[in-house]
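I have placed the structure first, in the form of structure tokens, so that the comments after it can refer back to it.
Counting starts at 1 for both ligands and their atoms, in listed order.
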Amino acid sequence: MDQIIQQLNNSNHVLIASHTNPDGDAIGSLLAVGLALDSLNKKTVLFNESPIPAVYRFLPFIERIEHEIKDSYAFDTAVILDCGNIQRLGKSAETVSRIPVIINIDHHITNTRFGTSRLIDISACSTAEIAYGIIKKMGIRINDAIATSIYTGILTDTGSFRFSNTNKTAFTICEEMIGCGVNPYEVARHVYGTYSLGRIRLLNLALDSIEISENRKLSMMTVTQDMIEETGTQPEDVDGLINYVRRIEDVKLAALIHEEKMNSHHSNGFKNFRVSLRSDGSVDVAAIATSFGGGGHASAAGFDIETTLDEIKARIIGFSEKL
Ligand code: AMP
Ligand code: MN
Ligand code: MN
């Protein structure tokens, strides 16, 4: 921590970045660290490769997040947030790897320990919790914009204080953030408030896709590109759907297979899938995801795979035999 604070204090031109297809923690910790460094008058670029999901566009200074790294930028320091490995940054991973000082701040058990210095705390409920610790230790004043970012990161990564990563610190920080100007109702209204009609229709199709293993211990949901197109939704509308399969009685392992939009056509009929895994705590899904080249936490993990839908479904259903 002390080394990282020194590096941040000595930095002049900083890139702050988080993972593609960002969740509330990736966006919240990115804004919190970015705005905190702004208050030290550092030259900063806040970066995320993907579009910002609609539910997070209310966050103060969200327009500060850029989606491409211009060649002209000559950064001396990069702060990478909520990424278990540097490839999670997306196509820019290679460019970012060339920045002299790379600070890896994360809470995933599968973190590959990339970068020149690291602050990895797998007991932290969110990367926003770790970001809060750094900001406090640097003596930076937490204004209402920084507070709202930290609060949103903690709220969303703990599933509104329901998931197994919910710890005492989650509550103490959030209480403090409310004292710094966060309006919990306003945050909840944006993050959980309204759904487009398309999203509800997508939910309908997704629920219809649910398959359960013979022993009832594994559940699986599939969202295809056809469903996304038919309902006029965005990939971000798939976020949270896995909770419906995770909650089914007796289920120990839940999977969501999400077919991604393809930019180029595969001649072999393969498609790109994003697979999300959740467990009731009795199965280590981080280990399963790692075996497919992904990562995450023991009870929530994911991976990307290029294959056919039948093949990935068969492989996932196969896990039920070990449950
Ligand atoms: P998700 O299912 O996308 O909500 O992701 C669950 C957890 O696994 C999150 O903490 C992600 O950061 C992590 N995760 C998802 N996909 C990957 C991947 N391809 N590589 C590493 N970690 C991942
Ligand atoms: Mn994340
Ligand atoms: Mn996180």
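Counting atoms of ligand 1 from 1 in the listed order, those under 4.0 Å from a heavy atom of G296 are 8 (O), 13 (C), 22 (N). Residue-ligand proximity, F303 to ligand 1, at heavy-atom distances under 4.0 Å covers atoms 16 (N), 19 (N). Taking a cut-off of under 4.0 Å to the non-hydrogen atoms of H297, the atoms of ligand 1 that pass are 10 (O).
Residues L207 and M221 form a side-chain contact, since some pair of their non-hydrogen atoms from C-beta on lies under 4.5 Å apart.
Looking at G293 next to ligand 1, no N or O pair under 3.5 Å apart turns up. Between H19 and ligand 1, no N or O atom pair is found at a separation short of 3.5 Å.
Nearest protein heavy-atom neighbour of atom 4 (O) of ligand 1: R278 NH2, 2.9 Å. From the protein, the heavy atom lying nearest to atom 15 (C) of ligand 1 is G302 CA, 3.5 Å. For atom 11 (C) of ligand 1, the closest non-hydrogen atom on the protein side is R88 NH2, 3.5 Å. Closest to atom 14 (N) of ligand 1 among all protein heavy atoms lies G295 O, 3.5 Å. Closest to atom 3 (O) of ligand 1 among all protein heavy atoms lies S276 OG, 3.8 Å. Residue, atom and distance of the protein heavy atom nearest to atom 9 (C) of ligand 1 are H108 NE2, 3.7 Å. When hydrogens are left out, the protein atom nearest atom 19 (N) of ligand 1 is D304 OD2, 3.2 Å; that is the closest non-hydrogen contact. Of the protein's heavy atoms, A300 O, 3.5 Å lies nearest to atom 7 (C) of ligand 1.
Side-chain N/O atoms of S213 and N215 include a donor and acceptor closer than 3.5 Å. Residues T44 and D38 bring a donor and an acceptor atom of their side chains to less than 3.5 Å of each other. Inspection of the T127 and D82 side chains reveals an N or O donor paired with an N or O acceptor under 3.5 Å. A side-chain donor from one of S160 and Y192 sits under 3.5 Å from a side-chain acceptor of the other. For R201 and T233, the side-chain atoms include no donor-acceptor pair closer than 3.5 Å. Residues D280 and S282 have side chains that bring a donor and an acceptor to within less than 3.5 angstrom of each other. With hydrogens and angles left out, the side-chain atoms of H107 and D157 include a donor and acceptor closer than 3.5 Å.
Residue contact check for ligand 1: Q87 places no non-hydrogen atom closer than 4.0 Å to it. Distances from ligand 1 to the non-hydrogen atoms of A301 include at least one value under 4.0 Å.
The distance from the CD1 atom of I305 to the CZ atom of F273 is 9.0 Å, given to the nearest 0.5 Å.
R162 places a side-chain N or O within 3.5 Å of a backbone atom of G159 that can act as its donor or acceptor partner.
In the displayed structure, E63 atom CD is contacted under 6.0 Å by more than 12 heavy atoms of other residues, nucleotides or ligands. Around CD of E175, the count of heavy atoms belonging to other residues, nucleotides or ligands within 6.0 Å does not exceed 12.
For the Mn ion (ligand 3), protein N/O/S neighbours under 2.8 Å (waters excluded) are D25 OD2, D82 OD1, H107 NE2, D157 OD2.
By the 30° and 60° cut-offs, the orientation of the rings of H13 relative to F75 is tilted.
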